[in-house]
Amino acid sequence: MKIMSLRASLAAAVMLVAAWLAFPVSAQQQTAPSAAPSSTAPAAAGPATVPSTAAPAAVAPTAATPGTPPIASAPADAVPGEPGGRSVKSTAPAMKELSPWVMFMSADIIVKAVMIGLAFASLTTWAVLIAKSIELSVASAKLRSALKKVSEARSLAEAQMALGAKQGVLPSFLASALREARMSAGISSDAGIKERAASSFSEIVRAEGRRIRIGMGVLATIGSTSPFVGLFGTVWGIMNSFIGISKSQTTNLAVVAPGIAEALLATAIGLVAAIPAVIIYNHFSRVTKGYLELVSRASGAAARLLSRDLDRSHGSVHSRAAE
């Protein structure tokens with residue numbers, strides 16, 4: 001009896017100890033379902049005492065299910081796919097302001113020289129526009145006024161008196177006609193005198209055409225060559241950009257974009273210089289053509305006055321001979 005009661009007491013004690021040990025584990029599973037299962041101690045064959053200060057099993061923060069490897073949290077500024085978790089601030093280059101002046105100052109020395117040359121060509125274009133506009137306006141106004149004054153003249157001498165000592169195309173025609181008439185005195189052939197005077201008039205017209213076209217060749221040169229000069233600067237700048245890409249061993253757009261933008265600025269300046277030059281050249285071609293038509297009218301007016309003087313002189317000779 002004593003042995004049986006002792007066995008029963010031992011069994012009851014073992015059951016109480018097992019229940020006491022199982023209670024913290026069950027409470028832990030209810031409060032933290034994602035916690036990792038704690039290792040179970042082997043059941044003691046005899047009565048075992050567990051210290052009341054035993055700490056509960058540690059909770060694995062990321063183990064949702066048994067057998068799943070823990071996932072390490074990445075830093076907030078880490079770049080996905082970059083080894084070592086480098087931050088964005090360390091990889092992203094500082095973006096600089098891409099204004100035209102900053103791009104010019106950052107460009108290569110060859111590209112800078114191209115841009116400066118194209119800017120000077122553009123300034124030359126506008127200077128020619130202002131100068132030729134004033135010159136053509138003044139010359140056309142003077143020639144129209146002179147033609148109006150000699151429209152009522154009956155002879156070369158009277159036309160010269162109407163114009164006075166003014167300088168211009170029409171006074172040059174009148175002086176050439178008078179000189180030819182004086183040098184051909186005593187020659188009875190009027191056709192020869194008129195032919196020689198017409199030759200002198202043609203030389204004056206050609207000289208005036210050359211004078212009035214001064215500066216237009218510069219416009220034609222700027223308009224035809226500026227795009228190619230700008231393209232040369234662009235090609236040189238892009239070549240340097242690709243060299244920089246190969247040295248930095250990166251294709252990040254933030255790294256290569258400034259160099260390409262600086263190169264393209266040369267082409268933009270070339271177009272800015274070429275387009276106005278072509279437009280202004282075409283404008284002056286039309287205006288110059290109109291002015292040369294006025295010069296031809298002046299030549300015709302001088303030729304008519306010379307013809308009248310010749311006919312008048314022959315008429316006076318015939319009248320004296322008749323007397």
Side-chain angles (χ1 to χ4, degrees), residues 124 127-221 280-323:
T124 303
V128 170
L129 170 64
I130 296 172
K132 295 301 292 184
S133 297
I134 295 174
E135 181 184 7
L136 284 168
S137 299
V138 172
S140 298
K142 284 184 177 180
L143 188 53
R144 285 192 179 94
S145 176
L147 286 172
K148 186 177 180 180
K149 288 180 180 179
V150 301
S151 60
E152 301 298 330
R154 298 179 58 190
S155 64
L156 292 172
E158 187 176 347
Q160 274 192 331
M161 291 179 61
L163 293 178
K166 292 182 180 181
Q167 299 293 326
V169 180
L170 187 54
S172 298
F173 285 134
L174 298 178
S176 177
L178 284 172
R179 183 172 60 253
E180 185 61 36
R182 186 177 62 255
M183 294 177 66
S184 300
I187 299 176
S188 60
S189 175
D190 295 343
I193 298 174
K194 293 178 182 178
E195 182 180 353
R196 289 187 291 272
S199 176
S200 300
F201 293 166
S202 298
E203 292 178 359
I204 295 173
V205 170
R206 286 193 297 269
E208 185 65 15
R210 287 191 300 268
R211 186 190 69 82
I212 207 64
R213 288 192 180 97
I214 293 175
M216 293 183 62
V218 176
L219 294 177
T221 303
I280 294 171
Y281 176 82
N282 293 332
H283 167 70
F284 281 142
S285 296
R286 293 189 297 269
V287 176
T288 303
K289 185 178 179 180
Y291 175 74
L292 292 178
E293 289 178 357
L294 286 177
V295 173
S296 298
R297 285 177 54 189
S299 173
R304 286 191 296 271
L305 290 174
L306 176 61
S307 179
R308 289 193 191 105
D309 284 353
L310 292 175
D311 291 343
R312 192 176 293 115
S313 63
H314 287 299
S316 61
V317 170
H318 290 316
S319 62
R320 285 196 300 270
E323 291 176 359

For [X], what residues pass the side-chain contact (heavy atoms from CB on, under 4.5 Å) criterion, not counting sequence neighbours?
X	result
Thr124	Phe120, Val128, Val218, Ile222
Met161	none
Arg210	Arg206, Ala207
Ser176	Arg179, Ser200, Phe201, Ile204

Begin from the C-alpha positions of Asp311 and Arg308 and carry the test salt bridge (Lys or Arg N to Asp or Glu O under 4.0 Å) through to its verdict.
CA-CA 5 Å; Asp311 291 343; Arg308 289 193 191 105; over 6 Å; no

Identify all side-chain donor-acceptor contacts of residues 289-303 below 3.5 Å with residues at least two apart in sequence or on another chain.
from	atom 1	to	atom 2	distance (Å)
Tyr291	OH	Glu208	OE2	2.6
Ser296	OG	Leu292	O	3.1

What residues, two or more places apart in sequence or in another chain, satisfy side-chain hydrogen bond (donor to acceptor under 3.5 Å, both in side chains) together with [X]?
X	result
Glu180	Ser184, Arg196
Glu135	Lys132, Arg211
Ser307	Lys194

Point-to-point distance, once rounded to the nearest 0.5 Å, from CG of Leu156 to CG of Leu178
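Answer rounded to 0.5 Å: 4.5 Å.
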
Which donor-acceptor pairs under 3.5 Å do side chains of residues 136-146 form with protein atoms, sequence neighbours excluded?
from	atom 1	to	atom 2	distance (Å)
Ser137	OG	Ser133	O	2.7
Ser140	OG	Leu136	O	2.8

Pairs flagged by salt bridge (charged side-chain N to carboxylate O under 4.0 Å, His left out) wherever residues 156-165 is involved - sequence neighbours left out
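As it turns out, there is no salt bridge (charged side-chain N to carboxylate O under 4.0 Å, His left out) pair with a partner in residues 156-165 once direct neighbours are skipped.
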
